[in-house]
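Down below is the structure, laid out as structure tokens.
Residues: numbered from 1 along the sequence shown.
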Amino acid sequence: MRRSHTAVCSCGQLSAVASGDPVRVSVCHCLACQRRTGSVFAAQARFPAQAVAVSGRATTYERVADSGHTLTFHFCPSCGSTVYYTNDSLPDFVGIPLGAFADPCVWAPAFSVYERSKHPWVELPKDISHTQM
């Protein structure tokens, strides 16, 4: 039996249930992710789209990433929490911010991207993949 993981917004209105483990866990240091999260990086898990079930109302925000691909963020219209997002270059996958799972023992990142914008005091494990992009 595959374990499921529930991501939920701050007020509980919007949720995404992911079945099984993610195919990728990463942190992104790009300036757009820093602005979106209000933190120094974004941390997310990527799941096959068919493994994610969403419930509740969502509002969307689209932006073109540094890569040139369009990202669509789905957030709660009541509390503003991003619960999941999609990338037009990866239509068969859904990204979910790690913090939306509210489980500090979920997964550790294996990839760190856009490190050219990484805050100098941020330290990540040396054994993960590091990309300046």
**Request:** Decide side chain to side chain contact (heavy atoms under 4.5 Å, CB included) for R46 and N87; before the verdict, give the C-alpha distance in whole Å, the side-chain angles of both, and the deciding distance to 0.1 Å.
**Result:** CA-CA 11 Å; R46 184 185 303 161; N87 181 332; over 6 Å; no
**Request:** Run through the side-chain heavy atoms of Ile, Leu, Val, Met, Phe, Trp and Tyr, join any pair under 4.5 Å, and report what else lands in V23's cluster.
**Result:** L90, F93
**Message:** Can you list everything that forms a side-chain hydrogen bond (donor to acceptor under 3.5 Å, both in side chains) with S55? Sequence neighbours excluded, please.
**Reply:** S15
**Item:** CG-CZ distance between D21 and R3, expressed to the nearest 0.5 angstrom
**Value:** 8.0 Å
**Asked** Tell me the side-chain hydrogen bond (donor to acceptor under 3.5 Å, both in side chains) pairs involving residues 34-43, sequence neighbours left out?
**Response** Q34-H119
Please list every donor-acceptor pair under 3.5 Å in which a side-chain atom of residues 25-32 meets a protein atom from a residue at least two apart or in another chain.
from	atom 1	to	atom 2	distance (Å)
S26	OG	Q44	NE2	3.0
H29	NE2	S112	OG	2.9

**H130 versus K126, closest heavy-atom pair with distance** = NE2-O, 3.8 Å
**Message:** I'd like to know if F41 and V113 are part of one continuous hydrophobic network [Ile/Leu/Val/Met/Phe/Trp/Tyr, side-chain heavy atoms within less than 4.5 Å].
**Reply:** no
**Evaluation steps, side chain to side chain contact (heavy atoms under 4.5 Å, CB included), between I96 and F101** = CA-CA 8 Å; I96 301 178; F101 290 107; 3.5 Å; yes
**Fill in**
residues 45-64 vs ring pair (Phe, Tyr, Trp, His ring centres under 6.0 Å), sequence neighbours excluded, gives F47-W107
**Shortest non-hydrogen separation from V83 to A7 and the atoms involved** = CG1-O, 4.1 Å
**Item:** Contact summary for I128 and P125, nearest pair of heavy atoms
**Value:** CG1-O, 3.3 Å
Which pairs would a plain distance check flag for residues 70-78, meaning a side-chain donor or acceptor within less than 3.5 Å of a matching protein atom at least two apart in sequence or in another chain?
from	atom 1	to	atom 2	distance (Å)
T72	OG1	E62	OE2	3.4
H74	ND1	Y84	OH	3.2

**Item:** Short side-chain to backbone donor-acceptor contact, S81 and S10, under 3.5 Å
**Value:** yes
**Asked** Do V54 and Y85 sit in the same hydrophobic cluster, where Ile, Leu, Val, Met, Phe, Trp and Tyr count as joined when their side-chain heavy atoms come under 4.5 Å apart?
**Response** no
**Message:** Using every non-hydrogen atom in the two residues, find where A58 and L14 come nearest and quote the distance to one decimal.
**Reply:** CB-CD2, 3.9 Å
**Message:** I'd like to know if the side chain of H5 and the backbone of S19 have a donor-acceptor N/O pair within less than 3.5 Å.
**Reply:** no
